[in-house]
Every structure is written in structure tokens, then in C-alpha cells.
Amino acid sequence: MKHLSLWLPIRSIAFLMVFIGCAGILGQDLGETGCWWSVIAVVLNILTIGLLVYLAKRNGRTFWQLINYRKCQTTWRQIVGITMLVLVVGMAGMYLAGFLCYHNFLYAPSVMIAPIPKVLAIINVILLPITTTFAEDGLYLGCGVNQIQNKYVAIIIPAFFYALQHCFIPTLLDGRYIVYRFLSFLPLTLILCWWYYRKRNPLPVMVGHAVIDLATAAQIVATSFIPGLYQTMCDL
């Protein structure tokens, strides 16, 4: 199953192509299509999960075997610990990247919490956290960390592509923005891949990952339902 690691760039390529394609079809610039990032992410997440199920089956395994999930190997202490780690390192990465790229610790792309139709916002708050963790952790842990033999390569390469995909969610062809997004997530993806390499237990990582995505989806719900909130948050 070593060839599975060759699929690691697929999400970066897919997001780049979809955003550019949608902008071209709709006659919009990338900034205008960026507000739909969460909807596009859910669709590509579902396609990624389908691909992972297919790849696992083709290699005589299930999706659960691909990510090395086993019942009764996780404690609540692990889940709480990793969830807190994800929140702390995730926020610290964004603050540091904001300072390095924009000289502003509190910088955050406003497009990430842009309002969308209310029905889609409600659907997203359910589907985005669930599908993202199965798609991303399934790909970068299952097809990456689990399939590469060298310890350092097994951590660094999946973590690199894990962070890289975020440069194109949403896609904005701006060098500083791309570097900002990459640096925001690289510390977290390195730590998660390192922890998973040691423990081979995906559940704490997946729960922590879902929590941070839920927080983002909740902000989109808020801006979609409360008039003026988005502009207020942009002005902060």
C-alpha cells in the first residue's frame, strides 16, 4: 500500500482547480467565490472519503483499517488532551503567521467567516466538522503517516501536504496569503502527524480536529443569521 502516499497532493490540486473553475464559470474573481469555501469543502470532503474507501477496498482493507482505528484504545484523557492541544497550537499558529506575514497577531482572512444562505450555514455546521476530519485525517494519516516507513519522512511529508491544502481553502492567488495559510497550519499538522506516528490512534486527533472546524462553522452560522455581524467582525 506504499503507493497510497502518492495521493497526498490530491486535495491541494482539487481545491485549486475547483475554485479557479468556479470563478471562471461564474465570471467572478476568486475573492467573490471564496465565501463558498465551506460548501465546496464539504463536497470535496465527501468525494475524498469516497476515494479513501475505494483505495482501502482495492487494497483489501476497510477505511477503519486504513486509519488504524481500533475500539477501546482511546481514553477520555487522550481526547481532552489532544483537543486542547489542537485549539492552543491551532490558534498560536494563526497568531504567529499573522504577525510574520501581516505584522498583526490578530489578522484573520474575513472570507473565512463570510455569510452564506442560512440553510447552507445550518447544514455546514453539521457536515463540515464531520466530513473534514474523515477526509483530511483519513488521507494524511491513513495514506500518509501509515504508509511511509522512514520515521521523519512519515511525519514531515504528510504534515507538509496537510498544511499545504489550506493554502487553497479558499483559493486566492496572493503570495502573502498563501504563505500565511501555510504557516498557520504547519505547526499543528506537524504535531498531529508526530503524535499519530507514535500512538497510531486516530480518534483523539479526529475529535480535536472536528472541534476546531465546528468553531469555524459556528462563526459562519452567526454571520449568516445576524445582520451586520460580519461587517462588525471585519472592522475589528
Side-chain angles (χ1 to χ4, degrees), residues 1-19 21-22 36-74 78-79 82-83 86 120 122-149 153-155 157-171 185 188-189 192-214 216-217:
M1 295 179 68
K2 293 180 181 179
H3 68 280
L4 291 181
S5 60
L6 297 177
W7 288 95
L8 294 180
I10 188 64
R11 282 176 63 84
S12 297
I13 297 169
F15 278 109
L16 181 63
M17 292 178 62
V18 168
F19 275 105
C22 287
W36 297 98
W37 74 267
S38 57
V39 177
I40 292 172
V42 168
V43 174
L44 288 183
N45 287 344
I46 293 171
L47 292 176
T48 301
I49 294 167
L51 173 65
L52 293 173
V53 170
Y54 167 76
L55 291 174
K57 185 176 181 181
R58 194 175 70 175
N59 285 273
R61 295 190 179 187
T62 65
F63 175 84
W64 305 111
Q65 291 172 324
L66 178 70
I67 62 175
N68 201 47
Y69 171 74
R70 297 188 301 272
K71 292 182 179 179
C72 303
Q73 67 170 338
T74 305
Q78 287 177 317
I79 291 176
I82 294 300
T83 298
V86 168
L120 292 179
I122 293 173
I123 293 173
N124 265 359
V125 82
I126 299 170
L127 292 184
L128 183 66
I130 297 173
T131 60
T132 298
T133 189
F134 277 97
E136 294 184 0
D137 298 328
L139 178 63
Y140 300 112
L141 302 184
C143 292
V145 177
N146 273 348
Q147 309 305 323
I148 300 173
Q149 300 303 312
V153 176
I155 295 170
I157 296 300
F160 172 83
F161 285 107
Y162 204 160
L164 182 67
Q165 64 160 2
H166 293 91
C167 299
F168 309 110
I169 312 174
T171 296
F185 288 93
L188 179 60
T189 59
L192 292 182
C193 288
W194 169 79
W195 190 90
Y196 180 76
Y197 182 87
R198 291 180 63 246
K199 302 295 184 180
R200 303 291 172 163
N201 180 4
L203 188 58
V205 174
M206 295 175 78
V207 172
H209 193 170
V211 169
I212 200 169
D213 283 326
L214 178 61
T216 302

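Just so you know, these numbers use all the heavy atoms, side chains as well, and skip hydrogens, waters and symmetry mates.
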ask   = Roughly how far, to the nearest 0.5 Å, is CG of D213 from CG of L128?
value = 5.5 Å
ask   = What pairs with I212 under side-chain contact (heavy atoms from CB on, under 4.5 Å), at least two apart in sequence or on another chain?
value = V86, L87, H209
task = State, to 0.1 Å, how close L52 and G138 come at their nearest heavy-atom pair, and which atoms those are.
result = CD1-C, 3.6 Å
request  = Any salt bridge (charged side-chain N to carboxylate O under 4.0 Å, His left out) involving residues 64-73? Give me the pairs, sequence neighbours left out, ordered by first then second residue.
outcome  = none
ask   = For F19, which residues count as a ring-ring contact (aromatic ring centres under 6.0 Å, His included) partner, sequence neighbours excluded?
value = none
task = Could I get the full list of side-chain hydrogen bond (donor to acceptor under 3.5 Å, both in side chains) partners for T131, not counting sequence neighbours?
result = N45
remark   = Output for pair (T171 OG1, I40 CD1), nearest 0.5 Å, gives 8.0 Å
inquiry  = Checking T83 now: which residues fulfil side-chain hydrogen bond (donor to acceptor under 3.5 Å, both in side chains) with it, not counting sequence neighbours?
reply    = none
message = With salt bridge (charged side-chain N to carboxylate O under 4.0 Å, His left out) as the rule and sequence neighbours excluded, what pairs involving residues 122-147 come up?
response = R11-E136
Y196: partners by ring-ring contact (aromatic ring centres under 6.0 Å, His included), with sequence neighbours left out = none
inquiry  = How about CH2 on W7, more than 12 heavy atoms from neighbouring residues, nucleotides or ligands closer than 6.0 Å, or not?
reply    = no
task = Give me the ring orientation class for F63 and F134: parallel if the planes are under 30° apart, tilted from 30 to 60°, perpendicular past 60°.
result = tilted
query = Hey, is the main chain of H3 close enough, under 3.5 Å, to the side chain of Q147 for a donor-acceptor pair?
reply = no
request  = Identify, with sequence neighbours excluded, every residue that meets side-chain contact (heavy atoms from CB on, under 4.5 Å) alongside R198.
outcome  = W194
inquiry  = I'd like to check the side-chain contact (heavy atoms from CB on, under 4.5 Å) partners of C167; sequence neighbours left out, ordered by chain and number.
reply    = L164, I178, R181, F182
query = Who are the side-chain contact (heavy atoms from CB on, under 4.5 Å) partners of V125, not counting sequence neighbours?
reply = L214, A217, V221
Nearest atoms (heavy-atom pairs only) where N68 meets P202 = O-CD, 3.8 Å
ask   = Atom OG of S5 and atom CD1 of I157: how far apart are they, to the nearest 0.5 Å?
value = 9.0 Å
query = Could you state the interatomic distance from CH2 (W37) to CG (N124), rounded to the nearest 0.5 Å?
reply = 8.0 Å
request  = Can you measure from CE (M206) to CD1 (I79) and round to the nearest 0.5 angstrom?
outcome  = 11.5 Å
query = Does the side chain of F160 reach to within under 4.5 Å of the side chain of T189, using non-hydrogen atoms?
reply = no
task = State, with a plain yes or no, whether a side-chain heavy atom of W36 is found less than 4.5 Å away from one of C22.
result = no
query = Quick one: does L44's side chain get under 4.5 Å of I169's, heavy atoms only?
reply = no
message = If I take atom CG from residue L139 and atom CD1 from residue I67, how far apart are they, to the nearest 0.5 angstrom?
response = 12.0 Å
key: Partners passing side-chain hydrogen bond (donor to acceptor under 3.5 Å, both in side chains) against R200 (at least two apart in sequence or in another chain)   = N146
key: Test side-chain hydrogen bond (donor to acceptor under 3.5 Å, both in side chains) applied to S12 - qualifying residues, sequence neighbours left out   = none
Side-chain touch L66/C143, heavy atoms, less than 4.5 angstrom = yes
query = Counting only N and O atoms by type, is there a donor-acceptor contact under 3.5 Å from the side chain of T133 to the main-chain atoms of P129?
reply = no
inquiry  = Please give me the minimum heavy-atom distance between C193 and I155, naming the atom from each residue.
reply    = CB-O, 3.8 Å
ask   = Quick one: are Y140 and L8 in side-chain contact, heavy atoms under 4.5 Å?
value = yes
